[in-house]
Amino acid sequence: MPSKFPVNESHLNEELTRLRVEFEALRIANAALEQQLSIDAKQADSMLRVLEIRSNELKEANLHQLNQSNFIRRVMDSTGAMMIVLGPDGHIRQVNRRCAQELTGTDSIPDNRVLDDWLHPDERQALVAQAIGLPWPVFSPLFEVVRRSGSYAAEHRLGSRDGSYRHYWFEASLQHNPQGKEEGAVICASDITRLKQQQERLSRSEKRLKEAQKIARLGHWEMDLTCDKLTWSEEVCIIFELDSASIPRNYADFLELVYPADRAAVDRAFTSALSTHGSYDIEHRLLAAGGQIKWIHERCVIYYDDAGRALRLVGTIQDITEQRLAEEQLRLAASVFDNSLNGILITDANTRIVKVNRMFSEVMGYSSDEVLGQKPSLLKSEHHDKQFYRSLWAALERDGKWQGEIWDRRKNGELIPLWQNISSVRDAIGRVTHYISVFYDLTQQKQSAKHIYHLAYYDALTELPNRQLFNERCEHALERANRDYHPLAVLFLDLDRFKHVNDSLGHPAGDELLRMVAHAIKSSLRQDDTVARLGGDEFIILLENTGSRSDVEQVARKIIAYLSRPFIVQGHKLEIGTSIGISCYPEDGKDTMSLIKHADLAMYRAKEKGRGNFQFYETYLTTRAKERLFLESELRDALERQEFHLHYQPQFALSGGELIGAEALLRWNHHEHGLIAPDKFIPIAEESGLIVAIGEWVLSAACSQAKAWLDAGYAFKQVAVNLSGAQIERSDILATVGNVLATTGLPPQHLELEITETYIMRQAKQNVRIMEELRALGVSLAIDDFGTGQSSLSYLKRLPVDKLKIDRSFVMDIPQDSNDMAITRAILALGHSLKLTVLAEGVETAEQAAFLNELKCDEVQGYYYSRPLDAESFRKLLAKQKFDADLFD
Ligand SMILES: Nc1nc2c(ncn2[C@@H]2O[C@H](COP(=O)(O)O[C@H]3[C@@H](O)[C@H](n4cnc5c(=O)[nH]c(N)nc54)O[C@@H]3COP(=O)(O)O)[C@@H](O)[C@H]2O)c(=O)[nH]1
C-alpha cells in the first residue's frame, strides 16, 4: 500500500527494532505481570478471604451496631425525659419519641431544626444575646452555650404542641469523637413542670402565709432545747423591731425583751408547760426595740423524744397591741355606754331595739330585757302629732340625724320631756344598719327653768307677778286693746302706814301683812286681771276690758274698802289702807311705761289728798312731777349757792306776853325763781335725803345766830329748830346736834328741837331712845303738829319731851269748829296733866288767843303775834324785850 508519506527504511528498521524492543519489554513485563498476577491472584484470594472475613465481621459489627442503636433508641425512648442529640452545628440530629411527641406531636422532628425554636422567647432572646458576635455561623445559641461550657445544666421552658410552655431541666454534654473532634451534644431535658407548679404553689402559699402572718402580725419561732437555740421568723423581727442579727438567740435573751412586770408570768408559763408536758398560751407585754410596749399573744407546743425528754418548742408570737387597744377602746366605749349620764337606745335598721344602757332603764323605768326587740314607739306619748314624727324621720333620712325635745312616756305612765339626739349609722355601702338615740331627761331642767322663770317673773314674798311679768302682760294686753279697741286701766297702789307696821312690828310681820294684802287684792279682782307687786308696799293692777271710768272707780273703791279692813298679824290688829293712782289706756298713755308712770303720779296725788283715796291721772300731775324733779336737782346746789336763810317766828308766853324765843324756819331764795316755800321743797329734800345736809345747815345756822344774840346780850329762852323724821333716820342726829352745840358754843338749854308727832309715833320705841339721848345733851324737845299723829297715850307719858305744840289745823277754825276747840281743850288738858308746856301754833285771831288764854295755854305763836321774821327783825324784837335775862336761864 502506497504510503502517503515517503518510506524511510532505516526509519522503518529503527521503528521495527524499537517495536521489537518494546515487544520484548512488553513480553517480559507481561511475564512479570503474569507472574505478578499469579501472585496477586493468590493474594487476591487471600485478600478476598480476608475481605469475606472482614465483611462478615463488619456485618456482625453492623448488626451489633444496629442492635446497639436500637437498644440505645429503646433506652432513649424508654426514659421519661426528652433526649436530644445535636449535630456539630447544633441542629437536632436525633430525639427520642418523647421529645418528638412533646415538641411536634409526631414521632420525628423535621430536618434542620434547632432546639432553640421551641425555647420560650425570653430565654431564646437571652441566649441569642450571648451568641451575638461569634465568628462562626451560629444556628443554635443554646448549643453555643453548651459548647462553651462543655456541660450545661439549666432550667428552660419549651413550647409544647398545644402552645403551652412546659418547664424542663436541661442537662447537656458536649460530644467528641475518639479523635477529640466535636461531634455535637446530647441534651437530656426532664419535664419539671409539675415540680415547678408545686414549687410555685408552695412559694405562693409561703408568700400567702408570710402575708397572712404579716397581716395577722404573727410570727413563729422554734427553740432547740438540746442547744438552747432560738430561731425566729421574719415577722417576729418586725414585731420585736429588731433586725435578724440582733434577735434573741436563746431563751434568756428573749426573756430580757419581755416587759419586766410580765417576765415572771411568762417564765412560769414556760417552765410549767415543760414540767407538765403541756403547752402554753399567754398574753404578755414586751419592750420593742423602739421603746414601745407591745402586747403579744404567745402560743407554744413542745415536742418530746420517746423517752419523754423535751426536744424542741415551736410557737407563735402575735402582735395583739392593736387588738388590745381596740379591746381597750371597746371596753371604754362599753363603759361609756354603761356609765353614760345620757340614756342610750340603739335599734337595728328595722327600728327594733337592740341595746339600751343603764341610764335608759333608770330614766324610762324599763329593764333592758323588757325593751329588746321592741320598737321605740313603746315609749311614745300622745304629746306629739303624726306630723312631728314624720318630720323627725324626714330629717333622719335627709341629714342622718335629728335632735330636739320629745315627750315620751315612762313605764309607770308618767310623761317625761327628753332632749333626744338621734342619728343613723350606715355601713360601708351606705345602708342604714342602726339608729342611735342619745337622750337626757329634761325634767330637772324644765323645773329649774320654771323655777328661774318664777324667780324672774314672780315676787318671792307674795307669789304675785313682779314688775317684769306685769310689763310683759301689759304689753300683750295693750296689743289686744289696740287691736280690739278695748280700754284698759292700770292701778298703782301704795299701802298707807305700812312703814309704820314694818318699823314697829318688824319685817316678818310686815312680810305677813304684805302676803295678806296680796291675797286681799287678788280676791277683790277678776281672774283675768293681773295684780303684781312692784316691791315694798307698792302693788300694780292691770284691768283689761274695762268699761267706763266709773267701772274702774268701782274696782278702786272695792280695793280700798278691802284694804281698809283690819288685818290681824301676829296678834296685832293692823289698819293700813291704800292710796290708788289710776291711768287709763288710751287716754293716759299708749305704752306700759307711760301708763305705770302716770298711775304712779296719780297715786302720789291720792296720798296727798289723804289716805285711803284714789286718783285718776291728770296731765297737771306730770307738770308737778317735773317741777319736783326740777326742785330736787336745784336743791342739790342750793346749799353751795348759799340760797338758804332762816326766818324766825317769835314765840310768846301767853299769860304775860313775853317773847320767849323763836322757831327757826327755813327759807330758800332761788337765784332764778325767788322764794320757794318750805312746803314745796322740804318733802322733796326729805325724799331725796338732801334733808340731812340741809337740816344740819339749819341747825348750825340757828345755833350760831342764837349764840350771837346771846353774846350780844339779848335774852330769850330758846330757839326752836325743826328736825325732820327723814333727817333723824338718815343721819346720826345725836352726833350732829352735839357737834353743832360744841362748834357754835350755844348753851344747850337755849336750843329746842321740834319733832313731829307723826314721826315720833311711827317708831315710838326707837324714837323714845333717841329723844332721851338728845335730851341728855341738855336740849329741850317739843312734839310738833300735836294732834295729827294718833299718839298712843301709853307712849306719850313715857316720851322725854318738854312741850306739845298744838297743830295749826286745830287752832285755825277756832271758834267756828267746836270739834277743833274740843280737841284743843283736850290737848291742853293732856299736856298739862303730863306736866308739859303746851304751845298753840297758828294763832291768827284775838278770839283764838282769848280761847287759848282761857284754857291756860302756856305759849303761842302765829300771825296774830308775828309772822316769821328775818334775823335782823327778830333781833330788833328782842331788843324791845324788857325781860330779865335770868328769867330764861
Ligand atoms: N324740817 C324742817 N322743816 C321746816 C323747816 N322750816 C320750815 N319747815 C317746815 O316747813 C313747813 C312750812 O313752813 P313755813 O312755810 O315756814 O310755815 C311755818 C310758819 O310760817 C307757819 N305759820 C306760823 N304761824 C302761822 C299762822 O298763824 N298762820 C299760818 N297760816 N301759818 C303760820 O307754820 C309753819 C310752822 O309750822 P310748824 O313747823 O308746824 O311749827 C312746816 O311744816 C315747817 O315745820 C326746817 O328748817 N326744817
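Order of appearance sets the numbers: ligands from 1, and atoms from 1 within every ligand.
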Exercise. Backbone, side chain, both or neither: what part of M812 comes under 4.0 angstrom of ligand 1, heavy atoms only?
Worked result: neither
For this session: Kindly state whether the ring of H673 and the ring of F630 have centres lying under 6.0 angstrom apart.
Result: yes
Exercise. Considering only heavy atoms, which of R808, E686, E841 lies nearest to atom 21 (C) of ligand 1?
Worked result: R808
Exercise. For atom 27 (O) of ligand 1, which of F681, Y865, Y863, W697 has the closest heavy atom?
Worked result: Y863
For this session: Answer yes or no: is there an ion pair linking E754 with K803, defined by an N-O contact shorter than 4.0 Å?
Result: no
For this session: May I ask whether P868 has any heavy atom positioned less than 4.0 angstrom from an atom of ligand 1?
Result: yes
Problem set entry | Proximal ligand 1 atoms for S724, defined as those under 4.0 Å from one of its heavy atoms | 1 (N)
Exercise. Which protein heavy atom lies closest to atom 24 (N) of ligand 1, and at what distance to 0.1 Å?
Worked result: Q649 NE2, 2.9 Å
For this session: Check Q727 against ligand 1 and report side chain, backbone, both or neither, counting heavy atoms closer than 4.0 Å.
Result: neither
For this session: Inspect the contact between R467 and D459 and indicate whether a charged nitrogen and a carboxylate oxygen are less than 4.0 angstrom apart.
Result: no
Exercise. Taking heavy atoms and a distance under 4.0 Å, where does L665 meet ligand 1: side chain, backbone, both or neither?
Worked result: both
Exercise. Side chain or backbone of R867 under 4.0 Å from ligand 1, or both, or neither, by non-hydrogen atoms?
Worked result: neither
Exercise. With K522, which residues qualify under side chain to side chain donor-acceptor pair (under 3.5 Å), at least two apart?
Worked result: none
For this session: Answer yes or no: is there an ion pair linking R549 with E553, defined by an N-O contact shorter than 4.0 Å?
Result: no
Exercise. Looking only at distance, does E844 have an N or O less than 3.5 Å from an N or O of ligand 1?
Worked result: yes
Problem set entry | Atom indices of ligand 1 within 4.0 angstrom of V698 heavy atoms, with elements | 46 (O)
Exercise. Are there protein heavy-atom neighbours of atom 42 (O) of ligand 1 below 4.0 Å?
Worked result: no
For this session: Have a look at ligand 1 and work out which part of E663, if any, has a heavy atom under 4.0 Å from it: side chain, backbone, both or neither.
Result: side chain
Problem set entry | CG on L753 to CG on N722, rounded to 0.5 Å | 9.5 Å
Problem set entry | SB check E757 K805 (cutoff 4.0 Å) | no
Problem set entry | For K805, the ligand 1 atoms whose distance to one of its heavy atoms is below 4.0 Å | 40 (O)
Seminar exercise, completed: Checking heavy atoms under 4.0 Å, the part of V843 that sits near ligand 1 is backbone
For this session: Please confirm whether R667 comes within less than 3.5 Å of ligand 1 when only nitrogen or oxygen atoms on both sides are compared.
Result: yes
Exercise. Would you say D785 and ligand 1 have an N/O pair spaced under 3.5 Å apart?
Worked result: yes
Problem set entry | Distance (rounded to the nearest 0.5 Å) between L631 CG and F681 CZ | 9.5 Å
Problem set entry | Value rounded to 0.5 Å, distance of CD1 in I694 from OG in S724 | 10.0 Å
Exercise. Are any side-chain N or O atoms of D591 and backbone N or O atoms of S594, one a donor and one an acceptor, separated by less than 3.5 Å?
Worked result: yes
Seminar exercise, completed: A student comparing S866, G862, A685, P678 should find that the heavy atom closest to atom 14 (P) of ligand 1 comes from P678
Exercise. Parallel under 30°, tilted from 30 to 60°, perpendicular over 60°: which one fits the rings of W668 and F644?
Worked result: tilted
Exercise. Closest non-hydrogen protein atom to atom 2 (C) of ligand 1, residue and atom name please, with distance?
Worked result: N722 CB, 3.4 Å
Problem set entry | Results of side chain to side chain donor-acceptor pair (under 3.5 Å) for E538 - residues two or more places apart only | none
Exercise. So which heavy atom in the protein is nearest atom 12 (C) of ligand 1, and how far is it from that ligand atom?
Worked result: D679 OD1, 3.2 Å
For this session: Determine the interplanar angle of the W709 and F716 rings, folded into 0 to 90°, and report it as parallel if under 30°, tilted if 30 to 60°, perpendicular if over 60°.
Result: perpendicular
Problem set entry | From the candidates L646, I682, L666, the one that places a heavy atom nearest atom 4 (C) of ligand 1 | I682
